[in-house]
2 protein chains.
Amino acid sequence: MKHQKLATIEDVAAIAGVSIATVSRALNAPTKVADETRRRVTTAVAQTGYTTNAMARSLRMRRSNMILILAPDVGDPNFSNILVGLETEASKRGYGILIGNTQNDPARETDYLRFISSNQADGLILFTGHLPYGFGSEGGETRLPPTVAVNEPLPNADVPFVGVDNIEGARVATEHLIAQGHRRIAFIGHSTAKAVNVLRERGYRAALAGANITVDPRLILDGDGTTESGRAATEHMFVRDVLPTAFLCVNDATALGVVISLNARKYDLPRQFSVMGFDDISFASFVTPSLTTMKQPRVKIGEKAMDLLLMLLGGEQPPETEILLRSELIVRNSVSRPDRN
Amino acid sequence: MKHQKLATIEDVAAIAGVSIATVSRALNAPTKVADETRRRVTTAVAQTGYTTNAMARSLRMRRSNMILILAPDVGDPNFSNILVGLETEASKRGYGILIGNTQNDPARETDYLRFISSNQADGLILFTGHLPYGFGSEGGETRLPPTVAVNEPLPNADVPFVGVDNIEGARVATEHLIAQGHRRIAFIGHSTAKAVNVLRERGYRAALAGANITVDPRLILDGDGTTESGRAATEHMFVRDVLPTAFLCVNDATALGVVISLNARKYDLPRQFSVMGFDDISFASFVTPSLTTMKQPRVKIGEKAMDLLLMLLGGEQPPETEILLRSELIVRNSVSRPDRN
DNA sequence: TTGAGCTATGTAAAGGTTTTCATTGCTCAT
DNA sequence: ATGAGCAATGAAAACCTTTACATAGCTCAA
């Protein structure tokens, strides 16, 4: 009783008085069947409430019309907005999306490969910044399906990438500070480990070079992109007593740490120090002072990435293998002209 | 060349020198096969890199081990944290997760039913607060699979619900204000349309009643839970010049609107007005003053909901059909003792 | 008139499992 | 010695499609 036995293609065929092959064609390649027959089929379909069994279809066609998305933290707001774009584009093209939260745990990454190796997903979107363990080049292991990397490019693999142009964005941000009159600009978030940090620092340096400002290595501080790292770097700066007039932070979370630290020291922002973030995550406008930052076109990143993946899936050779979208300068209240030199 | 032909159960059977039935049993019901045979099978599996084809299995078993999650806004931070819980629990039990972003669009909701009717998903988690159009009681339409509602209960359907205890939470929040000495407490976010609002208002009224404070209807203002509604309600209050000493807001977004409005009027918070939120969404700690609020156990909500759904899927009758989790009072800086009466 | 070519349809294979039912060879109680 | 009962396995059906191949009927040019 529970499973009121769904209508199959045979039921439809019987009612329409044709063979199941014809039903299939009427549904999937309407031009191949006579008008009158097609009409009979559609009527029968409506009558039975028939829907194609996706499992049988996938089994036969060897594709599932599903995309697996692997992300280290599904709860990350930066991720979830890109997800909106991914989902929109996928659903528009008849694809469904499967979500895997890896928590940077190699075991979980490997585990999720079962969706690939068992044909449950045709393509892969990676937010992790590396191939899941188990994809390597060694034989016998799961083959890499059509894949697109988002946010973090994959260092050692030849996988198309969609993300924001970090160099350009950081350059624009730095130029904004320079245009306000700042010359002593700190960079908070130096790291050789994270590609994003490396690139944004590169943009920072490019902007300084373009304005003929020599880089002061004492103004470049380590940071892993967390709020705490921003706080720590700022404190460190005061200990060493080498102070900038503006902070360019590798991201908003870091900028938040800087703001917290400066607020705690009772500085008046942005008068005494300017702070610039990157990403424009949701809280950026709620901090005091609200953060001037570079906004990532998150939804668009998602759409582009899915578009690229579906292209690969369709066998097309995509025009470009790296799509860099521009970020947008969002001017709020954490940056002003410097009150000193 | 593209599809290096995956190993099937037949390949394994051939190598192990047994029938495919035995291979299947060795993998799915190990006790049913002799030790020695099982060993041979596992060796053959390792050698070929065989993984069960999920499509074939699903077709045969009439279940996909997939759960469809339908949410109005996948980008909503409140949702994405619950998603973490859902994902964790599902993946622990061998289930995968399919995401659908409905944007409150009936057409999209209906469209996603194809996953159900085509057997691509065994169960359903609804964040939408209503059944998707097309499930109704009318015949010929898709049958409702095992379903659990999260966050928003379903008004007219007999579907288990998992969420926060809104009445209790709002009561605790209000009692906190009362304990600080407030007697004139406004409720921002009255609405008969949204269940969450109705329940939280009920908790507010219960707390007042418990403290023998009569409800002043002029202190209860409409709001749909947006930041803008909080701002508008506050302005409205000043126009009518009926002022509370504290604002209990239906959620953090509303509270943010209240704070923005009060800040704009140059009031000193929390000295002149206390503001209390609900939810503890990520920005709550970054606003100035940081929001005192009720924290929803989001990850746990997700886990419980998935647990309940998998119970239903397993044919068990769950012990309770409504699971209400307690929210936690998070004391920050937006509430203090009143400076007047 | 013939047959080439086309359209519309049907038959049957293939896709890879799980599981029912049947079979075989035991053990052990009678 | 006999047969009941059990453990281990295999053969084959069933799950529901899509599609290659075959067939039948037509049109139309030679």
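Every chain is numbered from 1, with letters handed out A, B, ... down the list of sequences.
At whole-Å resolution of the value, CZ in A/R62 and P in C/dA14 are 12 Å apart. Protein atom CZ of B/R40 is 14 Å distant from nucleotide atom P of D/dA8, rounded to whole Å. Between B/D35 atom CG and D/dT9 atom C1' the separation is 15 Å, expressed in whole Å. Atom CD1 in B/I9 sits roughly 14 Å away from atom P in D/dA11 (whole-Å rounding). Atom P of nucleotide C/dT18 and atom OH of B/Y50 are separated by 6 Å, given to the nearest angstrom. Between the CG atom of A/L59 and the P atom of C/dT17 there is a distance of 9 Å, given to the nearest Å. The nearest whole Å value for the distance from the CG atom in A/L6 to the C1' atom in D/dT17 is 14 Å. In this entry the distance linking CE of B/M55 with P of C/dT17 reads 12 Å, nearest Å.
A donor-acceptor pair under 3.5 Å is absent between the side-chain atoms of A/S24 and the main chain of A/I20, judged by distance alone.
Distance from the side chain of A/A34 is smallest to C/dA8 among C/dA8, C/dG10, C/dT17. Here the nucleotide nearest the side chain of A/R60, chosen from C/dG15, C/dT9, D/dT9, is C/dG15. The side chain of A/R25 lies closest to C/dT9 when the candidates are C/dG16, C/dT9, C/dA12. The nucleotide whose nearest atom lies closest to any side-chain atom of B/T22 is, among C/dT9, C/dG10, D/dG10, D/dG10.
At a threshold of 4.0 angstrom between heavy atoms, the contacts of A/S24 include nucleobase atoms, whether or not backbone atoms are also involved. Using a 4.0 Å heavy-atom criterion, one finds that A/S118 contacts no nucleic acid atom at all. A/A21 comes within contact range of at least one nucleobase, with a heavy-atom separation under 4.0 Å. Backbone-only contact: B/T37 has heavy atoms under 4.0 Å from sugar-phosphate atoms and none from a base.
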### Message
With side-chain hydrogen bond (donor to acceptor under 3.5 Å, both in side chains) as the criterion, how do A/N28 and A/R57 come out once you've worked through the C-alpha distance, each side chain's angles and the decisive distance to 0.1 Å?
### Response
CA-CA 11 Å; A/N28 303 317; A/R57 162 183 275 160; 3.0 Å; yes

### CA sep, side-chain torsions, deciding dist, call: A/S118, A/Q120, side-chain hydrogen bond (donor to acceptor under 3.5 Å, both in side chains)
CA-CA 6 Å; A/S118 70; A/Q120 272 183 106; 3.3 Å; yes

### Task
Could you walk me through whether A/D35 and A/R38 pass salt bridge (Lys or Arg N to Asp or Glu O under 4.0 Å), step by step?
CA-CA 5 Å; A/D35 285 1; A/R38 184 170 55 246; 2.8 Å; yes

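Within the 4.0 Å cut-off from OP1 or OP2 of D/dT18, at least one side-chain nitrogen or oxygen of A/N28 is found.
Residues A/E36 and A/R39 are paired through a salt bridge, judged by an N-O separation under 4.0 Å between the basic side chain and the carboxylate.
Of the residues near DNA chain C, A/K32 and B/T52, the one whose nearest nucleotide (by heavy atom distance) lies more toward the 5' end is A/K32.
Interface remark: the A/R57 side chain does not form any donor-acceptor pair with the C/dG15 base, using a distance-only criterion of under 3.5 Å.
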